Amino acid sequence: MAVQLSGNWLPNFPKVPGNFSQTRTKPMHSFSTLIARSATASLSSTPPTVQIVGGKSPSFYIHESSNSHGSRVEDDWVDLETDLYHWTKTLRPVQWYPGHIAKTEKELKEQLKLMDVVIEVRDGRIPMSTSHPQMDAWLGNKKRILVLNREDMISTADRNAWADYYARQGTKVVFANGQHGMGAMKLGRLAKALAAGVNVKRRAKGLLPRPVRAGIVGYPNVGKSSLINRLLKRRMCPAAPRPGVTRVLKWVRFGNDLELLDSPGIIPMRISDQSSAIKLAICDDIGERSYNFPDVAAILVQMLTKLPSVGIEVLQNRYKIDADGHCGRRFVHKLANHLFNGDDNQAAFRILSDFRKGRFGWIALERPPK
């Protein structure tokens, strides 16, 4: 059964967003410094023009042995999350809640009563940020399968880190690629196996067996409809690489023994964790109208600069410009002057598109907490 992670922080202090805080028992490095910075920021007014600058020195870089498989980098991801919190504090909040989601949420809660098993789909690049904070309360004790989609868009080290984490939690997890069908058949078999007891009870009562009912839920654009289409081996549910395509709940039959409910993406009415919101924007899991492209691209540049598997050299070599990544807005503006006649929006869109297409390598933007 999947678990909802939560963190405990000192009272009367601002909570530091970021998934590293969840279930982490060690005190964060220089926490008093973080509180002091937060207090200072709250007393100052937000400048009309946001310049994003780095939070810490590039001590994030580490040297791993070839056989470590990324298992010793969790502490460094904590530093990245801390920086990300500071980078997002002065930005315009990212919020997106289309009208159809409220209606969907109400209908989904009713349909959950009919489900034998729930399949929760998350973006494999940001599993924590695509975890709905109310999902545990909605599902209760229902059997659940966690799917980390877009397996092809993360590294082997990222996949192994999440596999180990969920194995320790006792969570049934399937890595999938909805576009190419990887993991789809395994998911169907697991759903039927978990709900096999349903028809055992029906036979004991003298009732005829019925198909297992599995609901597929998750954030917008994480690949729910694509997974269903791959299971059915035909296009039964509308799917497109943008949030908000699926608007209504729809039951579809898979063979004679499995029924699947495709549902629109559900997202909290208000996203309080802006670090998660920025990651949703970077990964295209939230509507484009909710965020400023240059701001989000600037944060992505600073994150990539701090990732050992990328670094500033990859960015410089790709775009043929000489700039550091400590100020992402400066990098975006320099790229705009170099390729797009000074248009920061076009430059930002190029950077985000390149990340989503794997031009910097296949990397996750989150690692599990210890």
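Since we're looking at a predicted model, the values are computed, not measured.
- Between R144 and D136, at least one side-chain N (NZ, or NE/NH1/NH2) sits under 4.0 Å from a carboxylate O, which counts as a salt bridge.
- I267 has its side chain within reach of L280: a pair of non-hydrogen atoms, C-beta onward, lies under 4.5 Å apart.
- Across Q95 and S290, no two heavy atoms sit closer than the pair O-CB, 3.1 Å.
- Applying the salt bridge (charged side-chain N to carboxylate O under 4.0 Å, His left out) criterion to R159, with sequence neighbours excluded, gives E151.
- Among K143, R210, K142, the single residue meeting the side chain to side chain donor-acceptor pair (under 3.5 Å) criterion with D116 is R210.
- Closest approach of I282 to R356, counting heavy atoms only: O-NE, 2.8 Å.
- Considering only residues two or more places apart in sequence or on other chains, R318 meets the salt bridge (charged side-chain N to carboxylate O under 4.0 Å, His left out) condition with D354.
- Residues satisfying the side chain to side chain contact (heavy atoms under 4.5 Å, CB included) criterion with A347, sequence neighbours excluded, are V332, L335, A336, F340.
- D285 pairs with exactly one of R122, K224, R150 by the salt bridge (charged side-chain N to carboxylate O under 4.0 Å, His left out) rule, that one being R150.
- Between R168 and P369, the shortest heavy-atom contact is NH2-O, 4.1 Å.
- For K109 and E105, the salt-bridge test passes: some basic side-chain N is under 4.0 Å from an acidic carboxylate O.
- The two residues N149 and A176 have their closest heavy-atom pair at OD1-O, 3.1 Å.
- Atom CG in L300 sits 6.5 Å away from atom CZ in F360 (nearest 0.5 Å).
- At least one side-chain heavy atom of L91 sits less than 4.5 Å from a side-chain heavy atom of I299.
- I321 and V301 end up in the same hydrophobic cluster when Ile, Leu, Val, Met, Phe, Trp and Tyr side chains are linked at under 4.5 Å.
- In this structure R202 satisfies the salt bridge (charged side-chain N to carboxylate O under 4.0 Å, His left out) test with no other residue, sequence neighbours excluded.
- The number of heavy-atom neighbours closer than 6.0 Å to OH of Y319, taken from other residues, nucleotides and ligands shown, is above 12.
- Residues forming a side-chain hydrogen bond (donor to acceptor under 3.5 Å, both in side chains) with W251 (at least two apart in sequence, or on another chain): Q111.
- P211 and E259 get closest at one heavy-atom pair: CB-CG, 3.8 Å.
- Not a single salt bridge (charged side-chain N to carboxylate O under 4.0 Å, His left out) links K103 to another residue, sequence neighbours left out.
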